[in-house]
K.L.:
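Pasting a structure below so you can have a look.
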Protein chains: 2
Amino acid sequence: PPGRKVLIVYAHQEPKSLNGSLKRVAVEELSKQGCSVTVSDLYAMQFEPRATRNDIVGCLHNSEEFSYGMETWEAYKRGCLSNDLIEEQKKVQEADLLIFQFPLYWFSMPAIMKGWMDRVLVQGFAHEFPNCYDSGLLKNKLALFSFTTGGSKEMYTKGGISGDIRYLLWPIQHGIMHFCGVKVLAPQICFAPEYVSEEKRKEMLIAWAQRLKTLWKEEPINCSPEWYFK
Amino acid sequence: PPGRKVLIVYAHQEPKSLNGSLKRVAVEELSKQGCSVTVSDLYAMQFEPRATRNDIVGCLHNSEEFSYGMETWEAYKRGCLSNDLIEEQKKVQEADLLIFQFPLYWFSMPAIMKGWMDRVLVQGFAHEFPNCYDSGLLKNKLALFSFTTGGSKEMYTKGGISGDIRYLLWPIQHGIMHFCGVKVLAPQICFAPEYVSEEKRKEMLIAWAQRLKTLWKEEPINCSPEWYFK
């Protein structure tokens, strides 16, 4: 609906890829609805995935023994995080919905997107004990993981060789998003696009566009072990 | 035993950290046994986590539409992967045992180590359909994930807020290592070292050193859904 803000965090090297098309479809459809859409195109930004001392501007809290978690927490409170992190945190802060668009790499997101999680979702900003899980600091936001796989749908079933696709969603949906208080919408999964016809790939894009039309009416999943491992 | 080769892939910024100590203990104990030990110290190497076109030296197979998986597969066959990847693949090829030492970041490994997985375990080198899972190309090797957590042991139990720690091991042990044919030893987990006494941290190091003495007699886990989700 008009006024809603969406951040798309996108990790694919090739604009012509299905991931690129899925991202464009989301930008178009959500803009058409009157949403304001921002894209963090991680490869184009050459986003830094490594969690290092460079993320803190100026002096360290404890320069004797570097602790990334503690230093970024302190730096967040002092306003001394590096600019690229402050930029991403502003985008997250403003967003009602976060969409993560990526190809599945090794049962998870590509390292460049994992680095976004590691570096942006700093303690003090996204969570701060005891404000985690249902009382995480990013509550009242929604997240949706939209990704493509190499393996087929049959491989990612309970009895399949790669197990239920939901097994691998646990760390990213529950361990990251739920931990920060973010509610999770059902994932959008395109299975094995490289092994299907051009026609089928078009259907995947259409299905995504269709879903986005009524996305704001969806209820979040019940992000508990039952949903994942029932 | 003498002659066995071990690769430790290590991801911590601070040598004085518990992760740094766990890595040193492993190097010392395994060297004492006569093993030959190599360490990939990812932060010290400034290891590149991003999967990009730079990983292919020279021309692309398809420069019209970049596919990282396809291009690195082709480049591997032609011997045209970038030098940092060739170096890591040599270390993996020679190793009987891979030890991954890291602090748990967001229910997984830090992005710099995920980047090592994404970039080093190239199709053709680590797997090549139908050579995956039990017939993966790295069979006859062992892997062990050794990591520290922020959360306590109680949080990471079946009824705990973060769920059984094994849930989050599925993508990394089964999805990555098992997929490449590598057999997995039980993980070594130090829970919440930042919240325990110096004395307790020393016990964690001693326990690791002790385990390493008889490591070569251990049987791999049964890397199937039952082990993770029973």
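The chains referred to below are lettered A, B, ... by the order of the sequence lines, with proteins before strands, and numbering in each begins at 1.
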K.L.:
Heavy-atom distances under 4.5 Å only: say whether B:Y43 touches chain A with side chain, backbone, both or neither.
P.N.:
side chain

K.L.:
Do you know which of B:H12, B:E64, B:R53 has the most heavy-atom pairs with chain A at a distance under 4.5 angstrom?
P.N.:
B:E64

K.L.:
Would you say the rings of B:F229 and B:W170 are close, in the sense that their centroids are separated by under 6.0 Å?
P.N.:
yes

K.L.:
For A:F179, is it the side chain, the backbone, both or neither that has a heavy atom under 4.5 Å from a heavy atom of chain B?
P.N.:
side chain

K.L.:
Tell me which of these, B:I112, B:L121, B:T52, has more heavy-atom pairs under 4.5 Å with chain A than the rest.
P.N.:
B:L121

K.L.:
As an exercise: rank B:E65, B:K158, B:M70 by heavy-atom pairs under 4.5 Å with chain A and give me the winner.
P.N.:
B:E65

K.L.:
Do B:R119 and B:F47 form a cation-pi contact, if we require the NZ or CZ to be under 6.0 Å from the six-membered ring centre and within 45 degrees of the ring's axis?
P.N.:
yes

K.L.:
If you count heavy-atom pairs under 4.5 Å with chain B, which of A:P225, A:G163, A:P49, A:G115 comes out on top?
P.N.:
A:P49

K.L.:
Going by atom types alone, do A:S17 and A:N19 pair a side-chain donor with an acceptor below 3.5 Å?
P.N.:
no

K.L.:
Determine whether A:T72 and A:I56 make a side-chain contact, defined as any pair of heavy atoms from C-beta on separated by less than 4.5 Å.
P.N.:
yes

K.L.:
With rounding to the nearest 0.5 angstrom, report the CZ to OG distance, B:F107 to A:S108.
P.N.:
13.0 Å

K.L.:
Would you call the rings of B:H174 and B:H178 parallel, tilted or perpendicular, where under 30° means parallel and over 60° means perpendicular?
P.N.:
perpendicular

K.L.:
Heavy-atom pairs under 4.5 Å with chain B - which of A:Y167, A:F66, A:W106 has more of them than the others?
P.N.:
A:W106

K.L.:
Using non-hydrogen atoms and a 4.5 Å limit, figure out which bit of A:I172 sits close to chain B: side chain, backbone, both or neither.
P.N.:
neither

K.L.:
Can you tell me which portion of A:F129 sits under 4.5 Å from chain B's heavy atoms? Options are side chain, backbone, both or neither.
P.N.:
neither

K.L.:
What residue, out of B:K114, B:E194, B:M109, has the most heavy-atom pairs lying under 4.5 Å from chain A?
P.N.:
B:K114

K.L.:
Looking only at heavy atoms and a cut-off of under 4.5 Å, which of B:G20, B:A51, B:C132 has the most pairs with chain A?
P.N.:
B:A51

K.L.:
Report which part of A:Y133 has an atom under 4.5 Å of a heavy atom belonging to chain B: side chain, backbone, both, or neither.
P.N.:
side chain

K.L.:
A cation-pi test, strictly: NZ or CZ of B:K230 under 6.0 Å from the centre of the six-membered ring of B:W227 and no more than 45 degrees from its axis. Yes or no?
P.N.:
no

K.L.:
Among A:A11, A:S162, A:G69, A:P103, which residue has the highest count of heavy-atom pairs closer than 4.5 Å to chain B?
P.N.:
A:S162

K.L.:
For residues A:L169 and A:P187, report the shortest heavy-atom separation together with the two atoms involved.
P.N.:
CD1-CG, 3.7 Å

K.L.:
Who among B:D164, B:D118, B:L42 has the most heavy-atom pairs with chain A under 4.5 Å?
P.N.:
B:D118

K.L.:
Using the rule side-chain contact (heavy atoms from CB on, under 4.5 Å), only one of A:E88, A:E87, A:Q93 pairs with A:K90; which is it?
P.N.:
A:E87

